[in-house]
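Single-structure report; data block below.
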Number of protein chains: 2
Amino acid sequence: MTGNRPDTLVYLVDDEFAVRDSLTLLIESTGQAIRSFASAEVFLNNYDPERPGCLLLDVRMPSMSGLELQDELLRREISIPIIFISGHAGIPDSAKAFRAGAVDFLEKPFDNEKLLGRIEEAIKKDIANREQVSEHRKIQNRLNHLTVREQEVLSLIVRGYSNKEMAKILNISNRTIEAHRAHIMEKMQAESLAELMMMATHSSHNAPDNFSLAVRA
Amino acid sequence: MTGNRPDTLVYLVDDEFAVRDSLTLLIESTGQAIRSFASAEVFLNNYDPERPGCLLLDVRMPSMSGLELQDELLRREISIPIIFISGHAGIPDSAKAFRAGAVDFLEKPFDNEKLLGRIEEAIKKDIANREQVSEHRKIQNRLNHLTVREQEVLSLIVRGYSNKEMAKILNISNRTIEAHRAHIMEKMQAESLAELMMMATHSSHNAPDNFSLAVRA
DNA sequence: TAGACAATACGTATAAATACCTACTCCCGG
DNA sequence: CCGGGAGTAGGTATTTATACGTATTGTCTA
């Protein structure tokens with residue numbers, strides 16, 4: 001039942017061999033690929049950003065701890081969903097983990113079925129997130145190919161101004177606005193105002209007031 | 001420093017008088033209003049949905065537990081941010097709480113400053129959430145006042161069809177589309193296509209494909 | 001320095017949307 | 001059974017947006 005998409009990968013980081021061994025067996029038995037690492041450092045050197053999946057992470061480890069790795073991933077803007085697994089952790093650790101975005105925090109020993117369920121959930125989450133991010137990037141990319149002037153015009157379009165109003169605001173001719181507008185539609189690959197709006201607003205995910213910020217980012 | 005907006009309220013639910021007493025003193029000292037309750041049941045009977053704030057919730061209590069109250073609030077669609085406070089809880093409890101949306105989970109005894117910080121954060125979150133929800137409701141309300149036909153037309157508008165295309169799709173005249181369109185703009189209180197798009201898409205928070213579902217909900 | 005691109009602007013023509021108006025039919029509820 | 005709203009449609013005039021094409025100026029770069 002667990003997702004056995006061939007392209008997804010479960011990362012397991014735990015310093016104990018026994019844990020790596022048994023979890024590898026468990027997870028592979030569902031058809032889900034898994035790679036395990038004995039330390040956070042090794043994981044960081046082998047993580048493949050292209051591959052959707054999730055991370056099973058031990059809290060207490062020599063050198064870099066699980067929570068530290070979580071911080072490091074945040075810093076590197078790596079958003080792989082993390083399921084913590086721990087033998088001797090306390091509430092403060094779990095709270096920190098969750099507040100930093102962990103999807104779950106399980107105590108060893110845990111119920112195998114529960115773990116598998118959480119893994120599936122985490123992977124789904126990652127896939128959904130990746131789709132959203134890539135869509136966002138695509139649009140952001142087009143946005144960044146607009147000239148500064150075009151971006152200004154776009155931000156006015158999104159706020160609902162007509163060509164005439166924009167011309168007045170920018171102190172340029174109606175014709176020029178039309179030219180910019182046509183270029184914008186072309187560069188953004190939008191077929192209609194509606195499409196353009198969707199791209200401009202959804203991608204920056206902010207109210208139109210803040211749009212100018214988003215478009216320049 | 002803690003927000004002392006007169007209209008916000010901290011709810012405290014704990015069966016121990018000593019806890020209620022000391023926390024009340026602490027929180028009132030910052031100028032923040034607080035009301036405490038000895039049980040989940042009493043809280044439920046006295047909760048004021050109009051008042052933004054947050055909930056400090058003890059986990060272990062006679063009768064209904066903190067986690068049960070959290071579930072009940074979810075069931076009642078009451079989305080007040082919850083900060084759990086607990087003396088003898090374990091990781092499973094904290095995990096359950098977080099997965100159900102808790103903003104934090106603190107162990108007694110906790111650092112007063114930390115608690116106050118979390119309260120402030122939670123209240124801000126509630127205020128932001130309430131604003132979003134009320135905006136959403138306002139728009140949803142307008143959406144529901146559209147006739148079925150108008151909703152159909154709106155869903156086509158949002159997908160980027162021109163009047164002519166819509167007329168063809170719905171097998172009605174161009175004029176009728178224009179009439180519907182005018183009614184839609186009026187009822188939705190939109191001044192421009194851009195505004196209309198914002199309302200129609202942001203409120204349903206879904207891709208235009210699914211818009212027809214959202215608009216009928 | 002020549003060529004590319006951005007920003008500006010004009011002309012003309014067509015297409016689309018908006019703003020007014022009226023009017024018919026159907027169906028539902030008082 | 002009658003009034004009113006919804007859905008339909010036509011007329012006319014105006015405003016906007018598009019779609020062509022051309023041209024000037026300035027900046028940046030190969």
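What you see is a predicted model; the values in this text were computed from it and never measured. Below, read A as the first sequence line, B as the second, and so on, with proteins coming before strands; counting in each chain starts at 1.
Across C:dA16, C:dA17, C:dA9, the shortest atom-to-atom separation from the side chain of B:R181 is found for C:dA17.
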Mind listing the N/O atom pairs, protein and nucleotides 6-8 of chain C, below 3.5 Å?
unit_1	atom_1	unit_2	atom_2	d
C:dA7	OP1	A:T147	OG1	3.0
C:dA7	OP1	A:R149	N	3.3
C:dA7	OP2	A:T147	OG1	2.2
C:dT8	OP1	A:R149	NE	2.8
C:dT8	OP1	A:R149	NH2	2.7
C:dT8	OP2	A:R149	NE	3.1
C:dT8	OP2	A:H180	NE2	2.6

Go through the steps to decide whether A:R75 and A:E72 satisfy the test salt bridge (charged side-chain N to carboxylate O under 4.0 Å, His left out), and finish with yes or no. CA-CA 5 Å; A:R75 221 173 346 247; A:E72 181 59 28; 2.9 Å; yes

Given salt bridge (charged side-chain N to carboxylate O under 4.0 Å, His left out), test B:R175 with B:E178 step by step and report yes or no. CA-CA 5 Å; B:R175 287 309 151 84; B:E178 288 170 16; 3.8 Å; yes

Run the side chain to side chain contact (heavy atoms under 4.5 Å, CB included) check on B:E120 and B:K124 step by step: do they pass? CA-CA 6 Å; B:E120 192 179 354; B:K124 273 188 190 151; 3.9 Å; yes

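Salt bridge absent: B:E165 and B:K168 never bring a charged side-chain N and a carboxylate O closer than 4.0 Å.
For B:E178 and C:dA19, the CD to P distance is 11 Å, given to the nearest whole Å. Between A:E191 atom CD and C:dA15 atom C1' the separation is 17 Å, expressed in whole Å. Protein atom CG of A:N163 is 15 Å distant from nucleotide atom C1' of C:dA9, rounded to whole Å. For B:R175 and C:dA16, the CZ to P distance is 13 Å, given to the nearest whole Å.
Here chain A contacts DNA chain D (any atom closer than 4.0 Å to a heavy atom, that is under 4.0 Å), and the contacts span D:dT16 to D:dT18 from 5' to 3'.
Between A:D58 and the options A:V19, A:D15, A:L12, A:V13, a side chain to side chain contact (heavy atoms under 4.5 Å, CB included) holds for only A:D15. Checked options B:I184, B:V158, B:T201; the residue passing with B:L196 is B:I184 (criterion: side chain to side chain contact (heavy atoms under 4.5 Å, CB included)).
Put simply, the side chain of B:R130 gets close to the backbone of B:R51: a donor and an acceptor are under 3.5 Å apart. In this structure, the side chain of B:R60 does not engage the main chain of B:S86 through any donor-acceptor pair within 3.5 Å.
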